[in-house]
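Letters A, B, ... mirror the listed sequences (proteins, then strands); counts begin at 1. All values below were derived from every heavy atom in this structure, side-chain atoms included, with hydrogens, water molecules and symmetry-related copies excluded.
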Protein chains: 2
Amino acid sequence: MLEWLKEPEINFPEQLQHAGFEHGVCVGQIQAKAGLTQSTVSEYLSILQRAGFIEATRVGQWTYYKRNEGAFEALSKLIQSNL
Amino acid sequence: MLEWLKEPEINFPEQLQHAGFEHGVCVGQIQAKAGLTQSTVSEYLSILQRAGFIEATRVGQWTYYKRNEGAFEALSKLIQSNL
DNA sequence: TTGGTATATCGGGAAAAGTCGATATATTTG
DNA sequence: CAAATATATCGACTTTTCCCGATATACCAA
């Protein structure tokens, strides 16, 4: 999912019919692509959010998630310096 | 354990009474510090070895493990480029 | 070769993570 | 407000991981 969210235009072209990608990709799109149930995907995304890797934006009845690139850089640096 | 192995002299001073650190630290030393059973520590180390993060050297009845720094750099870069 | 020490492997029980269906909450629309 | 839609949360079951004791293997010393 994290890799998918690097290129929303390529991985979630269907969303274009409803919205743009300013705030990322909505749960339903990710779920369809993942092939897991709605509850599972929703839980995954909230875990990733709590871990800081993605950010959520609620717009109406949709929740959009997008990557927080800073978290990935920080992880890479943490591995470099601490591990 | 991986962090401990960055500074064997500091984290495993007892080993000096028996051997140096050329090949790393032996399982018994790591086990004592970890506070887990011998079998658990042995299994951990062999997993880390198969994953490429540490290298094993058998000397007599002892097995010494030391870090493979290249693997950590590779992981850091993989996270930077792929994740 | 026998016994002692260090490590590895095996089998199983406990804990954690993954996944689901059912249900709850939030939002929009009529 | 009621129905429809999108997402979140809950409880239960399954799978995986963690960790142990017991045992096997390897090496050394007498």
Side-chain angles (χ1 to χ4, degrees), chain A residues 1-5 8-9 11-68 71-72 75 79 83, chain B residues 1-5 8-9 11-68 71-72 75 79 83:
Chain A
M1 291 180 195
L2 293 172
E3 291 183 359
W4 292 342
L5 290 176
E9 306 79 5
N11 292 301
F12 303 97
E14 295 200 1
Q15 179 166 312
L16 269 180
Q17 302 174 356
H18 314 289
F21 296 109
E22 316 77 37
H23 299 116
V25 182
C26 74
V27 180
Q29 296 289 327
I30 298 171
Q31 189 225 324
K33 183 155 180 130
L36 296 168
T37 64
Q38 187 272 324
S39 62
T40 298
V41 172
S42 176
E43 193 185 353
Y44 274 23
L45 292 170
S46 74
I47 289 170
L48 289 171
Q49 185 199 5
R50 285 197 296 278
F53 290 112
I54 57 179
E55 296 166 356
T57 308
R58 182 106 200 198
V59 178
Q61 47 196 326
W62 294 275
T63 304
Y64 294 90
Y65 286 98
K66 71 172 181 185
R67 289 168 56 97
N68 175 14
F72 294 92
L75 176 60
I79 287 172
L83 207 66
Chain B
M1 292 181 195
L2 293 172
E3 290 182 0
W4 292 343
L5 290 175
E9 307 80 5
N11 293 302
F12 303 96
E14 294 200 0
Q15 178 166 313
L16 268 179
Q17 303 174 356
H18 314 289
F21 296 109
E22 317 77 36
H23 300 117
V25 182
C26 74
V27 180
Q29 296 290 325
I30 299 172
Q31 190 225 322
K33 182 153 181 134
L36 296 167
T37 64
Q38 187 272 323
S39 62
T40 298
V41 172
S42 176
E43 192 185 352
Y44 276 23
L45 292 171
S46 73
I47 289 170
L48 289 172
Q49 186 200 4
R50 285 197 296 277
F53 290 111
I54 58 180
E55 295 166 358
T57 307
R58 183 107 200 197
V59 178
Q61 48 196 328
W62 294 276
T63 303
Y64 295 91
Y65 286 97
K66 72 171 178 184
R67 290 167 55 97
N68 174 15
F72 294 93
L75 176 61
I79 287 172
L83 208 67

Task: Rounded interatomic separation in angstrom, taking CD from E14(B) and P from dA6(C) - done: 13 Å

Task: Residue-phosphate contact under 4.0 Å: T63(B) side-chain N/O, dA6(C) OP1/OP2 - done: no

Task: Nucleotide dT7(D), atom P - distance to OH of Y64(A) in whole Å - done: 8 Å

Open item on the list: If you assign each of G60(B) and C26(A) to its closest nucleotide in DNA chain D, which residue comes earlier from the 5' end?
Closed with: C26(A)

- [ ] Return yes if some donor-acceptor pair links the side-chain N/O of R50(A) with the main-chain N/O of G52(A) below 3.5 Å, else return no.
- [x] no

Task: Heavy-atom closest pair, residues Y65(B) and A56(B) - done: CE2-CB, 3.4 Å

Task: W62(B) CH2 to H23(B) NE2 distance, which is reported to the nearest 0.5 Å - done: 14.0 Å

- [ ] Could you tell me whether the side chain of E55(A) and the main chain of R67(A) form a donor-acceptor pair under 3.5 Å?
- [x] no

Open item on the list: What is the distance, to the nearest angstrom, from the CD atom on Q61(B) to the P atom on dG4(C)?
Closed with: 14 Å

Open item on the list: By the 4.0 Å heavy-atom rule, please label T40(B) as base, sugar-phosphate, or nothing.
Closed with: base

- [ ] Assign Y65(A) to base, sugar-phosphate, or nothing according to its heavy-atom contacts below 4.0 angstrom with the strands shown.
- [x] sugar-phosphate

Open item on the list: Can you tell me whether the side chain of E43(A) and the base of dA8(D) have a donor-acceptor pair closer than 3.5 Å?
Closed with: no

Open item on the list: Between P on dA26(D) and CZ on R58(B), what's the gap in Å once rounded to a whole number?
Closed with: 9 Å

Task: Contact nearer the 5' end of DNA chain C, comparing T37(A) with V59(A) - done: T37(A)

Open item on the list: Please report the distance, rounded to the nearest Å, between NE2 in H18(B) and P in dA6(C).
Closed with: 9 Å

Task: Atom pair distance, as rounded to whole Å: CD in Q38(A) and P in dA8(D) - done: 7 Å

Open item on the list: How close do F12(B) and I30(B) get, counting heavy atoms only, and between which atoms?
Closed with: CE2-CA, 3.8 Å

TODO: Rounded to the nearest angstrom, tell me the gap between atom CH2 in W62(B) and atom C1' in dG4(C).
DONE: 12 Å

TODO: Could you tell me whether S39(B) contacts a base, only the sugar-phosphate backbone, or nothing, with contacts defined as non-hydrogen atoms closer than 4.0 Å?
DONE: base

Open item on the list: Counting the atoms with a prime plus P, OP1 and OP2 as sugar-phosphate, which does L36(A) contact under 4.0 Å by heavy atoms, base, sugar-phosphate, or nothing?
Closed with: sugar-phosphate

